[in-house]
Amino acid sequence: IPNPSIEQVLKQGAPYPQVIQPRFGGYWIEDSDTPALNQNSWETTYRKHFLGKEHLNFYCTASNHGNLILSLRHEETKDQEYLHIILRTASKTVYNRLSLVGLNELPSIPQLVKLLCGDIHALKFSPVLYPKGSHLIVSYDDHELNNTFKFGVIYQTFGQTSEEELFGNSEETPAFREFLGVLGDCIELQDFKGFRGGLDVHHGQTGSRSVYTVFKGQELMFHVSTKLPYAEGDAQQLQRKRHIGNDIVAAIFQEDPTPFVPDMIASNFLHAYILIQVENPGTDHTTYKVSITARNDVPKFGPPLPNPPVFRKGPEFREFLLTKLINAELACYRSERFAKLEVKERTRAALLDNLHNELHRQTQAVLGHPLGNEDERLENGGHGGLLESIKVPLLNKLFHYKHHTFKTISELANEATCFRYKKK
């Protein structure tokens with residue numbers, strides 16, 4: 001049975017829900033009574049729980065999932081013992097904190113791997129004996145971190161039911177400008193030096209101003225619908241949709257109570273929406289009601305909504321909102337669509353193979369058994385193709401420049417292609 005359409009919901013009269021399901025579903029709506037969990041912290045886990053503390057690293061060559069890297073640390077508290085475990089595979093990284101209560105002896109490395117990923121078999125692990133191995137591993141983890149984000153911001157007035165109506169809004173009310181001030185600073189795009197999020201900072205083709213902020217060391221650029229150029233006679237406002245439709249997460253600002261439906265905007269990229277409805281704008285009692293919706297294959301993400309999901313204007317609301325936006329995008333990367341991007345998988349596998357090979361080479365050198373070039377290639381099952389093509393530039397960039405991270409997957413793929421043609 002299809003869900004009621006947004007037109008039917010409007011006909012039923014107030015009070016209106018802030019967000020409704022599309023006619024045939026496909027999205028979840030966060031319930032403040034069931035807090036969401038933040039599942040996006042593993043990228044910094046090695047720095048937080050392993051680096052600088054006594055721990056062990058292992059690398060595996062013989063696995064049906066290719067090369068594996070495992071990190072293991074024992075933790076003892078007043079009344080309990082734990083094992084911190086990080087397993088890196090070509091397709092994902094898994095972290096777990098395992099309680100040792102009731103265990104008479106520590107599990108073996110293969111047992112721990114089976115616990116984290118039950119479909120991995122044919123395991124043959126070796127310890128990392130290279131003293132600087134941790135620096136190589138943390139550099140690999142750092143490549144997963146994203147320090148720049150771009151988000152859409154759309155103004156919705158009462159009763160709007162289509163993307164043409166949403167993108168056709170050009171007026172910025174005082175309440176909307178007040179909300180934009182919560183997100184960040186209004187900046188001039190001309191010659192802007194920070195993260196531009198795809199906006200034109202030289203010729204003014206994407207408008208003259210935007211909203212930008214730095215939050216906990218991360219740069220956030222907002223594609224504000226009312227600040228992007230408005231084209232007379234263009235019902236679809238393609239200039240606005242070109243930017244916001246290619247974002248992954250968008251904030252929908254509602255000045256009046258009105259329903260929003262996620263499929264109102266046709267986009268292959270937009271996977272999550274954060275709805276913000278203002279009450280008492282421009283006063284000392286301004287509050288914001290928040291709702292969250294995302295496609296079904298997007299994991300739940302924190303921080304959880306309070307009950308009721310209403311915030312007073314202030315630093316606490318800003319902290320929640322920006323954190324929620326960032327975690328929403330990170331969660332979307334784990335959705336089926338983004339997780340299966342072929343280029344991303346190839347790049348991750350190539351980086352992991354290079355990490356594995358470097359740890360193996362350095363370990364053998366410490367043992368006094370350095371490998372020749374051909375021996376090393378055979379020892380690690382020389383992959384050829386893409387991996388062999390990008391191995392040298394990747395080693396250069398990933399391991400010798402500790403703080404370097406690739407900004408986009410496409411940059412890495414382009415460099416690999418250029419290197420292959422150069423060799424030919």
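All values derive from a computational prediction rather than experimental measurement.
Under the 3.5 Å distance criterion, with hydrogens and angles disregarded, no donor-acceptor pair is assigned to the side chains of Asn280 and Thr286. Looking at Asn96 and His84, their side chains never bring a donor and an acceptor atom within 3.5 Å of each other. One side chain, Glu255 or Thr173, offers a donor N or O that lies under 3.5 Å from an acceptor on the other. For the residue pair Arg196/Ser210, the side-chain donor-acceptor check at 3.5 Å is not satisfied. Checked by atom type, the side-chain pair Gln80/Thr77 shows no donor-acceptor distance below 3.5 Å. The closest side-chain donor-acceptor pair between Tyr82 and His49, if any, does not fall under 3.5 angstrom. No side-chain N or O of Arg47 forms a donor-acceptor pair with one of Ser134 less than 3.5 Å apart. Side chains of Gln160 and Glu165: no donor on one and acceptor on the other come within 3.5 Å. Defined by atom type and a distance below 3.5 Å, a donor-acceptor pair is missing between the side-chain atoms of Glu219 and Thr148. Side-chain N/O atoms of Glu358 and Gln362 include a donor and acceptor closer than 3.5 Å. Between the side chains of Gln156 and Asp256, not a single donor N or O lies within less than 3.5 Å of an accepting N or O.
Arg240 forms no cation-pi arrangement with Phe167, by the criterion of a distance under 6.0 Å to the ring centre and an angle within 45° of the ring axis. In this structure, Arg337 satisfies the cation-pi test against Phe269, with its NZ or CZ atom closer than 6.0 Å to the six-membered ring centre and inside 45 degrees of the ring normal. A cation-pi arrangement is present between Arg88 and Tyr46 under the rule of less than 6.0 angstrom and at most 45 degrees off the ring axis.
For the ring-ring contact (aromatic ring centres under 6.0 Å, His included) with Tyr212, the qualifying choice from Phe192, Phe222, Phe149, Phe151 is Phe192, the only one to do so.
Using cut-offs of 30° and 60° on the angle between ring planes, the pair His356 and Tyr59 is perpendicular. Aromatic ring orientation, Phe125 versus Phe58: perpendicular (interplanar angle above 60°, classes split at 30° and 60°). Between Phe176 and Tyr155, the angle of the ring planes lies from 30° to 60°, which puts this pair in the tilted group.
Centroid-to-centroid, the aromatic rings of Phe179 and Phe253 come within less than 6.0 Å. Here Phe301 and Trp28 bring their ring centres to under 6.0 angstrom of each other.
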- Message: I'd like to know whether Ile326 forms a side-chain contact (heavy atoms from CB on, under 4.5 Å) with Lys216, so could you lay out the CA-CA distance, the side-chain angles of the two residues, the decisive distance to 0.1 Å, and finally the verdict.
- Response: CA-CA 11 Å; Ile326 291 171; Lys216 295 184 177 179; over 6 Å; no

